[in-house]
> 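Got a structure for you, written out below as structure tokens; questions coming shortly.
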There are 2 protein chains.
Amino acid sequence: MDNEIGQEIADALGILLKRTTRAHLHQRLTEGMGEAVDDVTYPVLSALARTGPRSAADLAHDVGVDRSGVTRRASRLETAGLIRREPDPTDRRAHLLVLTEEGRLVVAELRARLADHITTSLSSWPPGEAETFARHLRRFTAEGPFV
Amino acid sequence: MDNEIGQEIADALGILLKRTTRAHLHQRLTEGMGEAVDDVTYPVLSALARTGPRSAADLAHDVGVDRSGVTRRASRLETAGLIRREPDPTDRRAHLLVLTEEGRLVVAELRARLADHITTSLSSWPPGEAETFARHLRRFTAEGPFV
DNA sequence: TATTGTTATACTCTATAACTATA
DNA sequence: TATAGTTATAGAGTATAACAATA
């Protein structure tokens, strides 16, 4: 057997996927953004920022919950003023979830903080290796064992 | 700003850390191992296999829950016959959680399946790049933004 | 006094199943 | 019929706070 590499990656993923990882990271990075922004609601904001206005059913797969879960998260975000619901002009059953201006600012700020945080943690790496790692990690998530 | 790399890694992590990732992966890999083995209880088994018998309070940090959480998971695993509780000879307040023979077999099998699964998904990578990625990922989890 | 394992409690988040409105 | 958003419900998992036993 030659599974050393697989084993090494599996062990590292075990640490990354610990339940507390997301929560701790977000807790540290969401300072001053209000209670509505946490590791549960951020994927909704992030997906809207990445792809533009979407319906709840459409977002469900990206976020990793079903449409009732998207509805609940959207309601929290709407109350906080970070998104708004608009009727879908092409389908009167559906609503589009749209980032408000404040929502856009929050996403931009949190994305910047997260990227900064990661960049800082890579600052001691040899030149070029961080780039290589980023490329590999992207490929791994795109075609890796989770797909 | 030169946060392209940080941003790229952040986006990839967003996919990796999706709530459903762990659950789906485990669901696919725990075929035939009984109901007690899932993404919630596996970290307990895995930590015991890695470090030997431990107390619940001692395991809590590794697993990412508090000691009451370890107790609950341990009770499920004990009922399933995968671990047993033994008195700690050095501290009569504590119990050591110990893998049974069946527990050892389950961990070994699941570790092998996981490593195989990852190795397979990397089989199309250029020679040497998987090794590089594994090394980078280990370093990233050891000293990265989560520490 | 402090820490151990355990349990009861309250809380959060989830999927499922309903419901109404529209395709 | 099927799918949209929403809501009530039940289930799983958690942290917190208690408890008795031991350090």
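Everything numeric here is computed off the predicted structure, so don't read it as measured data. Reminder, nothing fancy here: chain letters follow the sequence lines and each chain counts from 1.
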> Is there a side-chain polar atom (N or O) of B:Ser68 under 4.0 Å from OP1 or OP2 of D:dA15?
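Negative; the distance criterion is not met.
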
> Does A:Asp62 come within less than 4.0 Å of A:Arg50, counting only side-chain N to carboxylate O?
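Salt bridge: yes.
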
> With heavy atoms under 4.0 Å as the rule, sort B:Val70 into base, sugar-phosphate or nothing.
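Nothing, no heavy atom under 4.0 Å.
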
> If we only count heavy atoms from C-beta on, is the A:Leu96 to A:Pro89 side-chain gap below 4.5 Å?
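The answer is yes, as the side chains (C-beta and beyond) meet within the 4.5 Å cut-off.
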
> List the residues meeting ring-ring contact (aromatic ring centres under 6.0 Å, His included) with A:His95, not counting sequence neighbours, and say none if there are none.
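Listed in chain order: nothing, the list is empty.
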
> Would you check if B:Trp125 and A:His136 make a side-chain contact, meaning some heavy-atom pair closer than 4.5 Å?
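Yes, close enough: below the 4.5 Å cut-off.
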
> Closest-nucleotide mapping onto DNA chain D: is A:Thr20 or A:Ala56 further toward the 5' terminus? I mean the 5' end.
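Nearest nucleotide further toward 5': that of A:Ala56.
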
> Contact list please: residues 90-98 of chain B against DNA chain D, heavy atoms, distance less than 4.0 Å, in numerical order.
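Output list: B:Asp91, B:Arg92, B:Arg93.
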
> What is the nucleic acid contact for A:Arg72, judged by heavy atoms within less than 4.0 Å: base, sugar-phosphate only, or nothing?
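It contacts base atoms.
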
> Is B:Arg93 salt-bridged to B:Asp88, going by a charged N under 4.0 Å from an acidic O?
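Answer for the salt bridge query: no.
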
> Step by step, would you call B:Ile9 with B:Phe140 a side-chain contact (heavy atoms from CB on, under 4.5 Å)?
CA-CA 11 Å; B:Ile9 293 175; B:Phe140 184 70; 4.0 Å; yes

> Students should find this one: the first and last nucleotides of DNA chain C, 5' to 3', lying under 4.0 Å from a heavy atom of chain A. What are they?
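The protein-touched segment is C:dC13 to C:dA23.
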
> Measure CZ/A:Arg67 against P/D:dT6 and give the value in whole Å, please.
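One finds 10 Å between P of D:dT6 and CZ of A:Arg67, rounded.
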
> What class does the angle between the rings of B:Phe133 and A:Phe133 fall in, given that below 30° is parallel, 30 to 60° is tilted and above 60° is perpendicular?
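Parallel: the ring planes of B:Phe133 and A:Phe133 meet at under 30°.
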
> Check the distance between D:dT14's C1' and B:Arg76's CZ and give it to me in whole angstrom.
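Going from CZ in B:Arg76 over to C1' in D:dT14 covers 14 Å.
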
> Show your reasoning for whether side-chain contact (heavy atoms from CB on, under 4.5 Å) applies to A:Leu114 and A:Leu25.
CA-CA 9 Å; A:Leu114 187 55; A:Leu25 187 61; 3.7 Å; yes

> Let me know the distance between CG of B:Asp66 and P of D:dA17, rounded to the nearest Å.
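Atom CG in B:Asp66 sits about 11 Å away from atom P in D:dA17.
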
> For A:Arg54 and A:Leu48, what are the C-alpha separation, side-chain angles and deciding distance, and is it a side-chain contact (heavy atoms from CB on, under 4.5 Å)?
CA-CA 7 Å; A:Arg54 314 265 295 280; A:Leu48 289 176; 4.1 Å; yes

> Specify the separation, in whole Å, of atom NZ of A:Lys18 and atom C1' of D:dT14.
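Answer to the nearest Å: 16 Å.
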
